[in-house]
2 protein chains.
Amino acid sequence: MSVQERKQRERVERERLIVATARELAEQQGWDAVTTRRLAERIEYSQPVLYSHFRGKREIIGAVALEGAAEMAAALRAAASAADGPRTRVAALARTYLEFAARNPAVYDAMFELDGGLAFANDDTPQPLKDAFAALLESLGEVAGDGVHPGLFTEVFWAALHGLATLTRAGRLPPEDTEPRVELLVDRLAVV
Amino acid sequence: MSVQERKQRERVERERLIVATARELAEQQGWDAVTTRRLAERIEYSQPVLYSHFRGKREIIGAVALEGAAEMAAALRAAASAADGPRTRVAALARTYLEFAARNPAVYDAMFELDGGLAFANDDTPQPLKDAFAALLESLGEVAGDGVHPGLFTEVFWAALHGLATLTRAGRLPPEDTEPRVELLVDRLAVV
DNA sequence: CTCGCTTGTCTAGCGGTGCTAGGGTCGAGC
DNA sequence: GCTCGACCCTAGCACCGCTAGACAAGCGAG
């Protein structure tokens, strides 16, 4: 038994290594540089080993996305609980979201820009994704305003943040004015 | 002279054919299916011909993006001028934007999701892109509210629309509630 | 009208991609 | 100590974007 257990542990460990290495490589050189050959070389195994853990490159991206979603949810909750008052909380939430996207561009891409083969807005959406949305909902629900469905409000607010994040990072929006954009967004959307 | 002129005309015509075919193929089967080989086959020339018109695949995407930007600007202006009253106009603008993205997903991807090698928010940003932004600005500027810079307001509103467009199309947001989302966005952001 | 040359196109191929079939090795369990 | 199965690697497939070099067509000069 103990032998199989050890092998199992090693497998789990190697899978973590694959995901961590993919993330690191993507963060250093962009997802285009994450090829199965390079990834295999970095983990010091041959290519087919990757396919004994994941169905394909897409699933590796998906794994990075799930890891990122968990981290983002934690970051959002931490920011929200450190602020008091709805207005302050929502502003902190927004800033944290944009900062996460800016500091972890490859992870953000894995979550929202690339195809990680994950289900969304769906019953079999993976838990970390639902949880990240829930983290947004917790703080945003209280500023939705009367008669506005909290879920709907969260979707709209989230979409605005997502738009700001992606357009800024792609060079479509000049990055200097991020702060006034956040101020405007919070002032107008949130009902305090 | 006339011979050269004819050749020049044929070149221009062929270039249009390339862009139109790329767009059509992308719209039918997605940008992944737009390979230089398939594209060459569809226009009934060999691959290297593409490279006598464009520096590479990226530039072809860029050409589709510019075409799309011009169309989008026209659509936005048409919608805006057909509506009277700032509130109605902004709502129509938003709906038109989202509809354009939904009906021309490949073009929208070329404009905002893929790398077409175009400059943005920059002095040497191509005219069609500046003009599309200008089309938004024309209607949105009048509802920015006192003391809010119209350009900044337009950026934020645009980002929200972009977020809704991409998240919806990627399956991150259920498509049914698009209309109430637009209503909420316009009600809160626009100062009428 | 013929010839040389420019211009334009095609065939073939390079180095890369994601992914997989099949052989070989090594160690666990009898 | 031997057998057998689990595991991993080498090698290769079909495809990608892109390009070098051969080749043909058609123009302008004589």
Side-chain angles (χ1 to χ4, degrees), chain A residues 1-19 21-23 25-26 28-65 106 109-110 114-118, chain B residues 1-19 21-23 25-26 28-65 106 109-110 114-118:
Chain A
M1 258 309 154
S2 152
V3 170
Q4 289 191 2
E5 282 175 8
R6 194 203 69 223
K7 289 202 174 182
Q8 179 62 20
R9 273 202 318 273
E10 287 171 355
R11 256 193 85 79
V12 170
E13 184 50 39
R14 193 172 58 181
E15 188 156 319
R16 276 223 303 262
L17 178 63
I18 292 172
V19 176
T21 306
R23 175 175 177 170
L25 192 50
Q28 285 172 357
Q29 312 184 32
W31 277 105
D32 280 353
V34 182
T35 70
T36 55
R37 280 174 177 77
R38 251 191 289 261
L39 187 50
E41 196 188 2
R42 285 233 186 170
I43 64 167
E44 297 181 311
Y45 282 95
S46 69
Q47 274 178 285
V49 167
L50 300 174
Y51 293 86
S52 75
H53 288 271
F54 300 95
R55 213 182 286 273
K57 187 181 173 179
R58 173 193 294 218
E59 263 193 12
I60 298 178
I61 296 174
V64 172
D109 281 345
L114 302 174
D115 180 11
L118 303 174
Chain B
M1 259 308 153
S2 153
V3 171
Q4 290 191 2
E5 281 174 10
R6 194 204 68 222
K7 291 202 172 183
Q8 180 59 21
R9 273 204 316 274
E10 288 172 354
R11 257 193 84 78
V12 170
E13 184 49 39
R14 194 172 58 179
E15 188 154 321
R16 277 223 300 263
L17 177 64
I18 292 173
V19 176
T21 307
R23 175 174 178 170
L25 191 51
Q28 285 171 356
Q29 311 184 33
W31 277 105
D32 280 353
V34 183
T35 71
T36 56
R37 280 173 177 79
R38 252 191 288 261
L39 187 50
E41 195 188 2
R42 285 235 185 168
I43 64 168
E44 297 181 312
Y45 282 95
S46 67
Q47 273 177 287
V49 167
L50 300 175
Y51 292 86
S52 76
H53 288 271
F54 301 95
R55 214 183 284 274
K57 187 182 173 179
R58 170 192 295 214
E59 262 192 15
I60 298 178
I61 296 174
V64 173
D109 281 347
L114 302 175
D115 179 12
L118 303 174

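Everything numeric here is computed off the predicted structure, so don't read it as measured data. Each chain gets a letter, A, B and so on, in the order the sequences are listed, and its residues count up from 1. In what follows, every heavy atom counts, from backbone to side chain, and hydrogens, waters and symmetry copies are set aside.
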Name each donor-acceptor pair under 3.5 Å that joins a side chain in residues 39-46 of chain A to protein atoms two or more places apart or in another chain, with its distance.
from    : atom 1 : to      : atom 2 : distance (Å)
A:Arg42 : NH1    : A:Gln28 : OE1    : 3.4
A:Arg42 : NH2    : A:Gln28 : OE1    : 3.4

*Sequence neighbours left out, what passes side chain to side chain donor-acceptor pair (under 3.5 Å) with B:Thr21? Give chain and number order.*
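Expected list: none.
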Subject >> Counterpart residues, side chain to side chain donor-acceptor pair (under 3.5 Å), relative to B:Gln29 (two or more places apart) >> reply: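 Checked B:Gln29 against side chain to side chain donor-acceptor pair (under 3.5 Å); zero matches.
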Checklist line | Qualifying side-chain hydrogen bond (donor to acceptor under 3.5 Å, both in side chains) pairs, either residue in residues 49-63 of chain B, two or more places apart | finding: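 As it turns out, the side-chain hydrogen bond (donor to acceptor under 3.5 Å, both in side chains) pairs with a partner in residues 49-63 of chain B, which skip direct neighbours, are B:Arg14-B:His53, B:Glu15-B:His53, B:Arg55-B:Glu59, B:Arg58-B:Asp115.
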Do you know which two heavy atoms are closest between [X] and [Y], and how far apart they sit?
{"X": "A:Ala22", "Y": "A:Ile60", "value": "CB-CG2, 3.7 Å"}
{"X": "B:Val19", "Y": "B:Ala63", "value": "CG2-CB, 3.7 Å"}
{"X": "A:Leu25", "Y": "A:Arg38", "value": "CD2-CB, 4.3 Å"}

Practice prompt. For DNA chain D, find the residues of residues 51-58 of chain B with a heavy-atom distance under 4.0 Å and give them by number; none if there aren't any.
Written response: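 Correct list: B:Tyr51, B:Gly56, B:Lys57.
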Those residues that, when tested against A:Arg16, pass salt bridge (Lys or Arg N to Asp or Glu O under 4.0 Å) (two or more places apart):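 Partners of A:Arg16 under the salt bridge (Lys or Arg N to Asp or Glu O under 4.0 Å) test: A:Glu13.
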Worksheet item: Excluding sequence neighbours, so at least two apart, what forms side chain to side chain contact (heavy atoms under 4.5 Å, CB included) with A:Ala110?
Response: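 Side chain to side chain contact (heavy atoms under 4.5 Å, CB included) list for A:Ala110, sorted by chain: A:Trp31, A:Ile61, A:Val64, A:Ala65.
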How many whole angstroms separate atom [atom1] of [X] from atom [atom2] of [N]?
{"X": "A:Leu50", "N": "C:dG18", "atom1": "CG", "atom2": "P", "result": "10 Å"}
{"X": "A:Gln8", "N": "C:dA28", "atom1": "CD", "atom2": "P", "result": "16 Å"}
{"X": "A:Glu15", "N": "D:dC7", "atom1": "CD", "atom2": "P", "result": "14 Å"}
{"X": "A:Trp31", "N": "C:dG18", "atom1": "CH2", "atom2": "P", "result": "11 Å"}
{"X": "A:Arg11", "N": "D:dC8", "atom1": "CZ", "atom2": "P", "result": "7 Å"}

Practice problem: Give, ordered by number, those residues of residues 32-47 of chain B having at least one heavy-atom distance below 4.0 Å to an atom of DNA chain C; if nothing qualifies, reply none. | Solution: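 Contacts with DNA chain C under 4.0 Å: B:Arg37, B:Tyr45, B:Ser46.
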* To do: Side chain of B:Arg14 only, please: which of D:dC9, C:dT9, D:dC8 is the nearest?
  =>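 It is C:dT9.
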Mind pulling the stems DNA chain D is in, i.e. runs of at least three Watson-Crick or G-U pairs, everything under 3.5 Å?
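Output for stems: C:1-30 with D:1-30.
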